[in-house]
Amino acid sequence: MAAVRSVKLIVLGIGGVGRGLLRQIVRLRALHAERYGLALCVVALADSSGLLAAEGGHMTDELINSVLEAKAAGLALREFDGCLPLDSP
């Protein structure tokens with residue numbers, strides 16, 4: 001197997017489509033690495049309330065899953081520690 005290449009991702013928008021993408025990234029990590037030689041690394045997430053950037057290079061699956069649960073419950077990204085809130089007009 002060839003070396004795994006890291007691809008950094010910033011996901012803008014964590015509604016239905018963004019959450020679906022994040023679930024697939026987490027669920028299919030092994031497949032992406034084995035079949036395509038890719039490690040998809042989420043480095044930041046943003047919604048209309050704020051920007052959450054990864055510490056240490058990329059977000060853990062645990063953090064991604066926490067964000068997914070919070071967003072499904074109707075919470076804004078700005079509720080997370082370390083989130084940079086965006087001003088709304």
Side-chain angles (χ1 to χ4, degrees):
M1 181 170 97
V4 175
R5 182 174 61 113
S6 292
V7 176
K8 295 179 181 179
L9 300 174
I10 299 171
V11 179
L12 303 175
I14 315 170
V17 173
R19 287 196 313 266
L21 173 63
L22 290 168
R23 281 192 294 272
Q24 292 294 339
I25 289 170
V26 170
R27 189 170 68 88
L28 298 174
R29 282 201 190 280
L31 176 81
H32 296 146
E34 185 178 315
R35 188 175 293 172
Y36 305 110
L38 295 175
L40 301 177
C41 302
V42 178
V43 297
L45 300 172
D47 69 4
S48 60
S49 75
L51 171 72
L52 184 63
E55 294 181 19
H58 63 86
M59 293 185 173
T60 64
D61 288 350
E62 181 180 2
L63 176 57
I64 293 170
N65 285 326
S66 294
V67 169
L68 290 172
E69 289 174 16
K71 292 297 291 183
L75 297 177
L77 198 56
R78 76 170 63 208
E79 304 298 325
F80 279 82
D81 288 336
C83 183
L84 175 65
L86 300 176
D87 294 332
S88 52

task: State yes or no: do Tyr36 and Leu40 share one hydrophobic cluster built from I, L, V, M, F, W and Y residues joined by side-chain heavy-atom distances below 4.5 Å, directly or via other members?
output: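 Yes, one cluster joins them.
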message: Same cluster or not: Val4 versus Val7, using hydrophobic residues (I, L, V, M, F, W, Y) connected whenever any side-chain heavy atoms lie under 4.5 Å apart?
response: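 They do not share one cluster, since no chain of ILVMFWY contacts under 4.5 Å joins Val4 to Val7.
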Compile the donor-acceptor pairs under 3.5 Å between side chains in residues 62-74 and protein atoms, sequence neighbours left out, one pair per line.
residue, atom, partner, partner atom, Å
Asn65, ND2, Asp61, O, 3.2
Ser66, OG, Glu62, O, 3.1
Lys71, NZ, Asp47, OD2, 2.7

task: Verify, without hydrogens or angle tests, whether Ser49 (side chain) and Ala76 (backbone) share a donor-acceptor contact under 3.5 angstrom.
output: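 No; zero donor-acceptor contacts below 3.5 Å.
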- request: Look at the side chain of Arg29 and the backbone N and O of Ala39, then say whether any donor-acceptor pair between them is shorter than 3.5 Å.
  value: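 Pair absent, no side-chain N/O of Arg29 close to backbone of Ala39.
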- prompt: What's the shortest heavy-atom distance between Leu77 and Leu45, and which atoms?
  reply: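 Answer, listing the atom of Leu77 first, then Leu45: CD2-O, 3.4 Å.
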message: Before you tell me yes or no, could you show the steps for Leu21 and Leu9 under side-chain contact (heavy atoms from CB on, under 4.5 Å), namely the whole-Å CA-CA distance, both residues' side-chain angles and the distance that decides it to 0.1 Å?
response: CA-CA 11 Å; Leu21 173 63; Leu9 300 174; 5.8 Å; no
task: Supply the members, apart from Leu31, of the Ile/Leu/Val/Met/Phe/Trp/Tyr cluster built from side-chain contacts under 4.5 Å; use none for a lone residue.
output: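 ILVMFWY cluster around Leu31 also holds Leu28.
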- prompt: How about Val43 and Met59: do any of their side-chain heavy atoms sit closer than 4.5 Å?
  reply: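 When only atoms from C-beta onward are counted, Met59 and Val43 do not touch, as no gap falls below 4.5 Å.
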Heavy-atom check, side chain of Val42 versus side chain of Val26, under 4.5 Å: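 Contact flag for Val42/Val26 side chains = no.
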task: Please list, chain by chain and in numerical order, all residues satisfying side-chain hydrogen bond (donor to acceptor under 3.5 Å, both in side chains) with Arg27, sequence neighbours excluded.
output: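 Counting only residues at least two positions away or on another chain, Arg27 forms a side-chain hydrogen bond (donor to acceptor under 3.5 Å, both in side chains) with Gln24.
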Pair listing, side-chain hydrogen bond (donor to acceptor under 3.5 Å, both in side chains) test, anchored in residues 4-23, at least two apart: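 Listed by first then second residue: nothing to list.
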- prompt: Taking only residues two or more places apart in sequence, or in another chain, which ones meet Ala46 in a side-chain contact (heavy atoms from CB on, under 4.5 Å)?
  reply: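 Once residues adjacent in sequence are excluded, the partners of Ala46 under the side-chain contact (heavy atoms from CB on, under 4.5 Å) criterion are Leu12, Leu51.
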